[in-house]
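Let me begin by presenting the structure, written as structure tokens, before commenting on it.
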Amino acid sequence: MEFIFVLMLIPRSTYLEKELEKRFDLLKLWTFPDKTQFIKDHAESVRAIVGSGISTIDADLISAFPNLEIVASFSVGLDNVDLELCKEKEIRVTNTPDVLTDDVADLAIGLMLAVLRRLCESDRYVRAGKWKKGDYKLTTKFTGKTVGIIGLGRIGQAIAKRAEAFSCPIAYHSRSEKPDMKYKYYPSVAELAANSDILVVACALTQETRNIVNREVMDALGPKGVLINIARGPHVDEPELVSALVEGRLGGAGLDVYQNEPEVPEELFKLENVVLLPHVGSGTNETRKAMADLVIANLEAHFSNKPLLTPVV
């Protein structure tokens, strides 16, 4: 596979970089100070792009490489890829589903426990030496709480399965009701929120799902309700979320994703009922290796004229 130039947009995995370098001629965009000049110099040679959930592969970038054949994303979500243009230009697109489902679902449950039981604040309480002055305040039980899930795909179902182990009733909203699911279906997100103690965002980001959690939904969830977002930041109207939390109209939040990462609203830093994570849903050694292996396998399959493992386009 000599002289197959693969462009990697941002550093996401040292293992992935090393494995790509063994198989292809790897170009690391972030190592070139003048990216505009780099693109001009390599416009004809790049045949594959490796992206991720936080790198933008838009019309300008795609059009800059006339011989581009495949985009392999180191992520499940593809909201940052111009899929319509890729389809139009017959550029193949792959992602890394399934391999990160368990990690993201585990993290969702971890956030629920962390928010309701105030685990992070309790940790700080002990570290600050405050325990000597008295026990930490009482918190809220997780077992038995109704968990409402927006999006019942692979990750949503994995979250539901885990929450059931805590005797949590499960409800959901999706584009349409799933007849084979035993869980309660609500035709609107506001109805789901009104009937849930914990609302989890686990759907794909599309134009229809941007700001799917708005003021109406937060008010329906209410001052005792908790919002968990392990999907994408733009699913939630972030200014409204900040207001709801600061004003006490929402009981708490566990967030792994934000609207303008890595920017996080500073108003959230002072709130005890909010747990903030740096987009680490798939961030385990095991899963990141599996994701990298899947990216490589898709590229090898493409350039060997074999079926792609996880084709999207």
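Test Phe32, Phe65, Trp30 against Phe38 for ring pair (Phe, Tyr, Trp, His ring centres under 6.0 Å) and you get one pass: Phe32. Screening Ile10, Ile54, Leu16, Leu294 against Phe74 for a side chain to side chain contact (heavy atoms under 4.5 Å, CB included) leaves a single residue, Leu16. Residue His302 is tested with Arg47, Arg92, Glu69 for a side chain to side chain donor-acceptor pair (under 3.5 Å); the sole match is Glu69.
No hydrogens or angles considered: nothing links the side chains of Asn285 and Tyr15 as a donor-acceptor pair under 3.5 Å. Side chains of Thr287 and Asp103: a donor on one and an acceptor on the other come within 3.5 Å. A donor-acceptor contact closer than 3.5 angstrom links the side chains of Asp41 and Gln37. A donor and an acceptor atom, one from each side chain of Asn298 and Thr310, are located under 3.5 Å apart. Counting only N and O atoms by type, the side chains of Gln207 and Arg210 include a donor and acceptor under 3.5 Å apart. With 3.5 Å as the limit, one finds no donor-acceptor pair spanning the side chains of Arg117 and Thr140.
With salt bridges taken as basic N to acidic carboxylate O contacts below 4.0 Å, none links Asp197 and Lys224. With respect to the salt-bridge test (charged N to carboxylate O, under 4.0 angstrom), the residues Glu17 and Lys22 do not qualify. The residues Arg215 and Asp237 are annotated as not salt-bridged, no charged nitrogen and carboxylate oxygen being separated by less than 4.0 angstrom. Using a cutoff of 4.0 Å between basic side-chain nitrogens and carboxylate oxygens, Lys289 and Glu19 are not scored as salt-bridged. Using a 4.0 Å cut-off between charged side-chain N and carboxylate O, Lys161 and Glu164 make no salt bridge. Using a 4.0 Å cut-off between a side-chain N of Lys or Arg and a carboxylate O of Asp or Glu, Glu272 and Lys137 qualify as a salt bridge.
Looking at heavy atoms from C-beta onward, Glu177 lies out of side-chain contact with Tyr183 at the 4.5 angstrom threshold. With a 4.5 Å cut-off on side-chain heavy atoms, Ile170 and Thr146 do not count as touching. Using a 4.5 Å cut-off on side-chain heavy atoms (C-beta onward), Phe303 and Phe24 make contact.
Across all non-hydrogen atoms, the minimal contact from Pro97 to Val76 is CA-CG2, 3.7 Å. Considering all non-hydrogen atoms of both residues, Val71 and Cys86 come closest at CG2-SG, 4.5 Å. Closest approach of Met8 to Leu26, counting heavy atoms only: CB-CD1, 3.9 Å. In terms of heavy-atom proximity, Pro66 sits nearest to Ala64 at CD-O, 3.4 Å. Pairing each heavy atom of Pro234 with each of Gln259, the nearest pair is CA-NE2, 4.2 Å. What you find for Ala59 and Asp82 is that their closest heavy atoms are CB-OD2, 3.9 Å.
Geometric assessment of Lys184 against the ring of Tyr186 yields a positive cation-pi assignment under the 6.0 Å and 45° thresholds.
The aromatic rings of Phe166 and Phe142 sit tilted, their planes meeting at an angle between 30° and 60°.
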Practice task
Assess whether side chain to side chain contact (heavy atoms under 4.5 Å, CB included) is satisfied between Leu227 and Leu241, documenting all intermediate values.
Solution key: CA-CA 9 Å; Leu227 175 69; Leu241 175 62; 3.9 Å; yes

Handout entry: Criterion side chain to side chain contact (heavy atoms under 4.5 Å, CB included) on Leu9 and Thr56, from CA distance to verdict
Key = CA-CA 9 Å; Leu9 299 179; Thr56 300; over 6 Å; no

Exercise for the section: Show the numbers, then the answer: is there a side chain to side chain contact (heavy atoms under 4.5 Å, CB included) between Ser63 and Lys89? Expected result: CA-CA 9 Å; Ser63 301; Lys89 289 180 170 288; 4.1 Å; yes

Practice task
Dump the intermediate steps for salt bridge (charged side-chain N to carboxylate O under 4.0 Å, His left out) on Glu21 and Lys28, then the final yes or no.
Solution key: CA-CA 10 Å; Glu21 286 171 336; Lys28 304 176 186 179; 3.2 Å; yes

Practice task
Would you please test Ile62 and Ile49 for side chain to side chain contact (heavy atoms under 4.5 Å, CB included) and show each step?
Solution key: CA-CA 9 Å; Ile62 293 167; Ile49 290 178; 5.8 Å; no

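The environment of Glu266 atom CD is sparse: at most 12 non-hydrogen atoms of other residues, nucleotides or ligands sit within 6.0 angstrom. Summarising the local packing, CH2 of Trp131 is surrounded by 12 or fewer heavy atoms from other residues, nucleotides or ligands at distances under 6.0 Å. Taking a 6.0 Å sphere around NZ of Lys35, one finds it holds more than 12 heavy atoms contributed by other residues, nucleotides or ligands. Around atom CD of Glu247, more than 12 heavy atoms belonging to other residues, nucleotides or ligands sit under 6.0 Å away.
Leu245 and Leu119 sit in two unconnected hydrophobic clusters of ILVMFWY residues. Membership requires side-chain heavy atoms under 4.5 Å apart, directly or through other members. Val147 and Leu221 end up in different hydrophobic clusters when Ile, Leu, Val, Met, Phe, Trp and Tyr side chains are linked at under 4.5 Å.
Side-chain atoms of Asn67 come within 3.5 Å of backbone atoms of Glu44 as a donor-acceptor pair (strictly under, hydrogens ignored). Between the side chain of Ser243 and the main chain of Pro239, a donor-acceptor pair closer than 3.5 Å is present. With hydrogens and angles ignored, the 3.5 Å screen pairs no side-chain donor or acceptor of His42 with any backbone N or O of Ile39. Between the side chain of Asp25 and the backbone N or O of Phe5, no donor-acceptor pair lies under 3.5 Å.
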